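Convention: sequence-line order gives letters A, B, ...; per-chain numbering from 1. The model shown is predicted, which means the values in this text are computed figures rather than measured ones.
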Amino acid sequence: MTSPVRVRIAPSPSGHLHVGTARAALYNWLFARHHKGTFVLRIEDTDKTRSEEQYVDSIQASLTWLGLNWDEGPVFQSQRGDVYDRYVEKLRHSDSVYPCYCTPDELAAKREQQLADKAPVRYDGHCRDLTPEQRTSYEEEGRPAALRIRIPEGETSYQDLVYGEMKRPNDELDDFICVRADGTPTYNFACVIDDHDMGMSHVIRGNDHQVNTFKQIQIYRALDLEPPRFAHLPLILGPDGSKISKRHGATSVTEFESMGYLPHTMVNFLALLGWSPGDDREVMTRDEIIESFSLERVNPSNPVFDQQKLQWLNGEHIRRMNPNDLINALRPHLVDAGLTTPLEIETRWAWMLEVVTAMQERLHLLTDMVTQGAYFFTDDFRYDEKGVKKQFRREGAIDALKGLAQAFGNIPDSEFTKERTETALRELAESTGEKPARYIHPLRLALTGMTGGPGIFDVVTILGRARCLDRIQQAIHFIENLPPVEAESGS
RNA sequence: GUCCCUGUCGUCUAGCCCGGUCUAGGACACCGCCCUUUCACGGCGGCAACACGGGUUCGAAUCCCGUCAGGGACGCCA
């Protein structure tokens, strides 16, 4: 690559950042970073009816969250009217365009007719070769004119960096509208203007733009400009094999954020969705991905978005995290769930480290800390039903807990360590001739409400003496008040 | 309907350009076993694919053609 790499992502603010757009952004970003180029953010907000301010913010927030920092922008198309005017003027004087007086209604009617006739849907060329008299006549009728490009004979081709040689006969391209009757450029024209004006070297975008690329190349030609290099990305599919959309579940980056995914998981996963480094590496750091990234290795077939693999990958990255960073990542989720406050986290950092270390290898989602570790933060939890049946209803459960209460109670608070509590429990078991498990399982249920979790003595020491004794008493009380098991009844 | 793209385990993929090293490799998921106070992690093992049909060739997942299937695009939206 001789000229400096300049690429962009150009979302339109009609919704939150979609995973498909996020991936396009990522591949542009990776390409830019790999080649030490420039990544630009451009907001395509010319459709006022669909664009919303909140989404402009949301999209930027999501890109930032993902760590896809842009070097220039955001550039708003809505603020570039004068730039477009200049190019519209330039195009107007080109003989590659002609005024079209057909009204949108007339065109829509023709389109429907063609569809009904099962004919190719094309512009019929009604205004392509109007005589000066006809034009004057339309003008006098007061019909506003849009500007159509006159596609010449021949074929249009380009070298796609992912798909290779692409070409199609020009008669399959339409004389499409470049400038609306109100003088504003349509998407394809605005896109060309911006990409050229902003000095884009490569345009990397979704496969759904392949036809636009041919059209845009014709605009570059009409304007006598050098087109950039193009690369198209396969489209992400949902589990049912159709283009991923809301009905497949989560599709926007913010949703994944609130579900408890790490930004780097999304980056890593999206990078692997359609691209591979060529070896067996899957769990990769950002730098490794940048280092190995190339468009040549993008797989041209459409991948299916697999949430299970995403979740696995999230677990991998959580396990690889520094516990301090993990606390920070966990914070919003814990706070949102009302389990703690930022201040509390700050002031009990050492204790948080213990909690996080105990839970780290068990988390797949950050929100798992809320669903599986709430008991570290609150006494307000229920006992697992199956656990109650198996542990609390068992003969001798109360005695076991009473024994533990006494054994733990005998340990001074200052000596309430993992070693001491474990020894105490094992000695208790030995003295009664029971297996340690007879004590461990009811204890876990009493302390956490759950049947699984970190090593029990980790839990015991993290909770501390007072809370342990308290919860053991609670459990004893609970068991004593358990209703008798009812015979199976149909009521 | 027209045009375009794609087609390796259920899913993500390596291999394909430069045919033999592929009895097709890895990962997720799933199923066993091991580790273990539980859950998870980890380890070991298993299941499972070159869409189909023709060519070309001594030899094809790899090259060519066709069929089929999936996806996308057909706006004075972006």
Pairs satisfying salt bridge (Lys or Arg N to Asp or Glu O under 4.0 Å), at least one member in residues 423-433 of chain A, at least two apart:
A:Glu422-A:Arg426
Tell me which donor-acceptor pairs under 3.5 Å the side chains of residues 399-407 of chain A have, and how far apart each pair is, sequence neighbours excluded?
none

What's A:Arg297 touching, base or sugar-phosphate or nothing? Going by heavy atoms closer than 4.0 Å.
sugar-phosphate
Just to be sure I understand the rule, does A:Gln308 reach a base, reach only the sugar-phosphate, or reach nothing, if contact means heavy atoms closer than 4.0 Å?
sugar-phosphate
Would you list the atom pairs, donor with acceptor, under 3.5 Å between side chains in residues 11-24 of chain A and any protein atom, with sequence neighbours excluded?
unit_1  : atom_1 : unit_2   : atom_2 : d
A:Ser12 : OG     : A:Ser14  : OG     : 3.4
A:His16 : ND1    : A:Ser58  : OG     : 2.6
A:His18 : ND1    : A:Gly20  : N      : 2.9
A:Arg23 : NH1    : A:Leu273 : O      : 2.7
A:Arg23 : NH2    : A:Pro234 : O      : 2.1

Strictly under 6.0 Å, is that where the ring centroids of A:Phe269 and A:Tyr261 end up?
no
NA contact type, A:Lys435, heavy-atom cut-off 4.0 Å: base, sugar-phosphate, or nothing?
nothing
Look at all strands and tell whether A:Ile456 reaches a base, only sugar-phosphate, or nothing, counting heavy atoms closer than 4.0 Å.
base
Taking RNA chain B as the partner, which of residues 177-196 of chain A come within under 4.0 angstrom of it by heavy atom?
A:Ile177, A:Arg180, A:Ala181, A:Thr186, A:Tyr187
Over all strands shown, is A:Pro436 touching base, sugar-phosphate only, or nothing at heavy-atom distances under 4.0 angstrom?
nothing
Set of residues satisfying salt bridge (charged side-chain N to carboxylate O under 4.0 Å, His left out) with respect to A:Asp182, sequence neighbours excluded:
none
Specify the residues of residues 160-171 of chain A, ordered by number, for which at least one heavy atom lies under 4.0 angstrom from an atom of RNA chain B.
A:Tyr163, A:Met166, A:Arg168
Earliest and latest nucleotide of RNA chain B, 5' to 3', sitting under 4.0 Å from a non-hydrogen atom of chain A?
B:rG1 to B:rA78
Inter- and intrachain pairs under salt bridge (Lys or Arg N to Asp or Glu O under 4.0 Å), touching residues 310-321 of chain A, at least two apart
A:Glu316-A:Arg319, A:Glu316-A:Arg320
Comparing A:Arg426 and A:Leu363 on RNA chain B - which has the more 5′ nearest nucleotide
A:Arg426
Using the six-membered ring wherever Trp is involved, compare the ring planes of A:Tyr101 and A:Tyr138 and label them parallel, tilted or perpendicular (cut-offs 30° and 60°).
parallel
Below 4.0 angstrom, N of the basic side chain to O of the carboxylate: do A:Asp160 and A:Arg229 qualify?
no
Under 4.0 angstrom, heavy atoms only, what part of the nucleic acid is A:Glu316 near: base, sugar-phosphate, or nothing?
sugar-phosphate
Give every residue pair that meets the salt bridge (Lys or Arg N to Asp or Glu O under 4.0 Å) criterion with at least one member in residues 441-459 of chain A, sequence neighbours excluded.
A:Lys418-A:Asp458
Stacked cation flag A:Arg148 on A:Tyr123, 6.0 angstrom / 45 deg:
yes
Please check if any side-chain donor atom of A:Asp384 sits under 3.5 Å from a side-chain acceptor atom of A:Thr451, or the reverse.
no
So what does A:Ser276 touch, heavy atoms closer than 4.0 Å: a base, only the sugar-phosphate, or nothing?
sugar-phosphate
Mind running side-chain contact (heavy atoms from CB on, under 4.5 Å) on A:Asn299 and A:Trp275 for me, showing each step along the way?
CA-CA 6 Å; A:Asn299 184 334; A:Trp275 171 84; over 6 Å; no
P atoms of B:rA27 and B:rC47, separation to the nearest Å:
15 Å
For A:Gly315, which contact category applies under a 4.0 Å heavy-atom criterion: base, sugar-phosphate, or nothing?
nothing
Search all heavy atoms of A:His232 against all heavy atoms of A:Asn207 and return the closest pair with its distance.
CB-CA, 4.2 Å
Residue list, salt bridge (charged side-chain N to carboxylate O under 4.0 Å, His left out) with A:Lys110, at least two apart or on another chain:
A:Asp124
Determine the Euclidean distance between corresponding C1' atoms of B:rC30 and B:rC12; express it in Å to zero decimal places.
16 Å
For RNA chain B, whose closest nucleotide is more 5', that of A:Gln210 or that of A:Pro454?
A:Gln210
Who are the salt bridge (charged side-chain N to carboxylate O under 4.0 Å, His left out) partners of A:Asp57, not counting sequence neighbours?
none
Residues in contact with RNA chain B, drawn from residues 398-408 of chain A - heavy-atom cutoff 4.0 Å
none
Considering every strand and a 4.0 Å limit on heavy-atom distances, what is the contact class for A:Arg111: base, sugar-phosphate, or nothing?
sugar-phosphate
Within the 4.0 Å heavy-atom criterion, would you say A:His232 contacts the bases, only the backbone, or no part of the nucleic acid?
nothing
Which part of the nucleic acid, if any, lies within contact of A:Gly206, taking any heavy atom under 4.0 Å across all strands shown: a base, the sugar-phosphate backbone alone, or nothing?
nothing
Sugar-phosphate, base or nothing in reach of A:Val121, heavy atoms under 4.0 Å
base
Please work out if A:Ser14 contacts a base, only the sugar-phosphate, or nothing of the nucleic acid, heavy-atom cut-off 4.0 Å.
nothing
